[in-house]
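First the proteins, then the strands, lettered A, B, ... as listed; each starts at 1.
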Protein chains: 2
Amino acid sequence: MTRAKRASERREDSLSRERIVDAAIELLDEAGEEGLTFRALAARLATGSGAIYWHITNKDELLAAASDVVVHRALAEVDDHASPRKAIHGIAMGVFEMVDAHPWVGAELDRHPQPIATLRILERIGRQVQALGAPRGAQFTAATVLGSHILSESRQNAANGRLYHPPPDRADFLETLAARWEELDPDEFPFTRSVADQLRHHDDHAEFLAGVDLILAGISVSSTGARDVPRKPKR
Amino acid sequence: MTRAKRASERREDSLSRERIVDAAIELLDEAGEEGLTFRALAARLATGSGAIYWHITNKDELLAAASDVVVHRALAEVDDHASPRKAIHGIAMGVFEMVDAHPWVGAELDRHPQPIATLRILERIGRQVQALGAPRGAQFTAATVLGSHILSESRQNAANGRLYHPPPDRADFLETLAARWEELDPDEFPFTRSVADQLRHHDDHAEFLAGVDLILAGISVSSTGARDVPRKPKR
DNA sequence: ACCTGAACACCGTTCAAGT
DNA sequence: ACCTGAACACCGTTCAAGT
């Protein structure tokens, strides 16, 4: 056993699922989703493209594994021990910054339904929803809504960041966006036009957390409303 | 002018952006995202693949145009004239069913940030948020949160529906999902495991609208809180 | 102006052949 | 058991040549 282990580690440059996934993450971070090809990956690992298939089923599995690693690492750094509201803010910001640093994760997380990485996020949010005292039947809804807000907003932010190369000045970007919205047809887009100007003073982080708090407010209303109902009805 | 118009309509099988987009929608509905290739599209339109490029810039633009048409049609059938809450439910269900019928739209809508189709949805929701009396500064947040919930949940539902071929019995699918969640590591996934059993009696539509109402509750709290603040402060 | 279809520069994946 | 790299069956996109 010790011998077997030593044997597999003897050449630390030998191929392994872990090394492949790490190299894939590097490639994704450097060159984006289109930068991850089996040929480029094989070149980086100094092997043939076919070798990768001995360790990994296909590209989908590779992307899922890469996402899982990145999400896992990001969540490991989030501190849960504050109040539920603060902990949820912490999780939200952790995910936000993780997707900002690895934009491809955002796309991957909802390409497929419920990959393990998404469950990890749901789990961490759900624990805080429980701590918040939400009734049992409402916890799933609450966690899901929080999760989809966090992921959507994170993805949106990351996508905006990578839209142009090189990334323009933040204020310029918002100005361009606001101007575009203001050019929309007044008959078709009255609401969108009416909020366009707010984009000019848009604070991503503040807006993001305001959304989280809006949902938290909804949760606390639902909780108080339903808390009177005993789990096992008396009659 | 009449002559020019007649000339362009003389052969109703001549290529046009509109015909290309319609054919693309057909192909996407029949064969999914991977079914849309320029070769297949050209075959269906009885032309060469290069001809399409005279009318459309590239595949991204084609997907965006196809999504816009489908979203536009779906929203046109939604009735806005009920109470704001009912109208928002109507928009939500309209989007939900549209994505269920055209699963590829769900993926497309958040592949790129703010394509026109997403703005259409935001617009319709935003009008109702205004009607709800949300304060000016909170409208954007409220509409965004509602929009991301609606799109996430719709996409999730559609993705689940297409996961297996042929689609299994609904109850079987939920049972499988619940069982998988219950097999997760108890130390890593206590919350997820604790709600797994609820999946067995999961009602998609009810859960979806419960999420919408949760957010609406949050909006009304924020609104009452802020409504006292006059738009133009007196001092 | 608009269409044709071969050609280009790629992909993911497979597989006989090696060690 | 694990790796190699050529080969297969595709893609999106371009472009000279046609009408």
Side-chain angles (χ1 to χ4, degrees), chain A residues 1 3-28 30-67 104 107-108 111-112, chain B residues 1 3-28 30-67 104 107-108 111-112:
Chain A
M1 193 170 162
R3 186 164 310 178
K5 195 181 173 194
R6 209 185 291 141
S8 78
E9 287 175 0
R10 193 173 29 199
R11 305 199 61 216
E12 73 270 348
D13 60 337
S14 80
L15 225 45
S16 70
R17 193 186 149 90
E18 201 190 334
R19 279 194 66 228
I20 292 171
V21 171
D22 280 341
I25 292 172
E26 283 177 31
L27 219 39
L28 285 162
E30 289 167 19
E33 260 186 277
E34 68 208 32
L36 178 64
T37 70
F38 278 78
R39 283 166 180 81
L41 195 53
R44 175 163 303 218
L45 292 164
T47 182
S49 60
I52 297 167
Y53 282 89
W54 204 93
H55 299 272
I56 255 132
T57 308
N58 55 31
K59 193 172 181 176
D60 271 7
E61 197 205 303
L62 181 56
L63 275 166
S67 301
W104 50 273
E108 173 59 19
R111 178 156 18 258
H112 307 291
Chain B
M1 193 170 162
R3 186 164 311 180
K5 195 182 173 193
R6 209 185 291 140
S8 77
E9 286 174 2
R10 193 172 31 196
R11 306 199 60 217
E12 73 270 347
D13 60 335
S14 79
L15 224 46
S16 70
R17 193 186 149 89
E18 201 190 335
R19 279 194 67 231
I20 292 172
V21 171
D22 280 340
I25 291 172
E26 283 177 31
L27 219 41
L28 285 161
E30 289 167 21
E33 260 187 278
E34 68 207 33
L36 178 64
T37 69
F38 278 78
R39 283 165 180 82
L41 196 53
R44 176 164 301 218
L45 293 164
T47 183
S49 60
I52 297 166
Y53 282 90
W54 204 91
H55 300 273
I56 255 129
T57 308
N58 55 30
K59 193 171 182 177
D60 271 6
E61 196 204 305
L62 181 57
L63 275 166
S67 300
W104 50 274
E108 172 59 19
R111 183 159 7 261
H112 307 291

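- In this structure, A:Ile20 CD1 and A:Arg44 CZ are separated by 13.5 Å, a value rounded to the nearest 0.5 Å.
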Please enumerate all protein N or O atoms sitting under 3.5 Å from an N or O of nucleotides 11-13 of chain D, with distances to 0.1 Å.
{"residue": "D:dC11", "atom": "N4", "partner": "B:Arg39", "partner atom": "NH2", "Å": "3.3"}
{"residue": "D:dG12", "atom": "OP1", "partner": "B:Leu36", "partner atom": "O", "Å": "3.4"}
{"residue": "D:dG12", "atom": "OP1", "partner": "B:Lys59", "partner atom": "NZ", "Å": "2.6"}
{"residue": "D:dG12", "atom": "OP2", "partner": "B:Phe38", "partner atom": "N", "Å": "3.1"}
{"residue": "D:dG12", "atom": "N7", "partner": "B:Arg39", "partner atom": "NH1", "Å": "2.8"}
{"residue": "D:dG12", "atom": "O6", "partner": "B:Arg39", "partner atom": "NH2", "Å": "2.7"}
{"residue": "D:dT13", "atom": "OP2", "partner": "B:Tyr53", "partner atom": "OH", "Å": "2.9"}
{"residue": "D:dT13", "atom": "OP2", "partner": "B:Lys59", "partner atom": "N", "Å": "3.0"}
{"residue": "D:dT13", "atom": "O5'", "partner": "B:Tyr53", "partner atom": "OH", "Å": "3.2"}

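- With a 6.0 Å radius and a threshold of 12 heavy atoms from other residues, nucleotides or ligands, A:Glu30 has its CD atom above the threshold.
- The separation between B:Leu15 atom CG and D:dT19 atom P is 19 Å, rounded to whole Å.
- You'll find the side chain of A:Ile25 reaches within 4.5 Å of the side chain of A:Trp104, heavy atoms only.
- Under the Watson-Crick or G-U wobble criterion, with both distances below 3.5 Å, D:dA7 is paired with C:dT13.
- When the C1' atom of D:dA1 is taken as reference, atom CZ of A:Arg17 falls 18 Å away, rounded to whole Å.
- Using a cutoff of 4.0 Å between basic side-chain nitrogens and carboxylate oxygens, A:Glu61 and A:Arg17 are scored as salt-bridged.
- The nucleotide C:dA1 finds its pairing partner in D:dT19, both defining distances of the Watson-Crick or G-U wobble pair being shorter than 3.5 Å.
- The CG atom of B:Leu36 lies 5.5 Å from the CG atom of B:Leu27; values are rounded to the nearest 0.5 Å.
- If you take CD1 of B:Ile52 and P of D:dC15, they are 17 Å apart, rounded to a whole angstrom.
- Taking CZ of A:Arg39 as the start and CG of A:Leu41 as the end, the distance is 12.0 Å to the nearest 0.5 Å.
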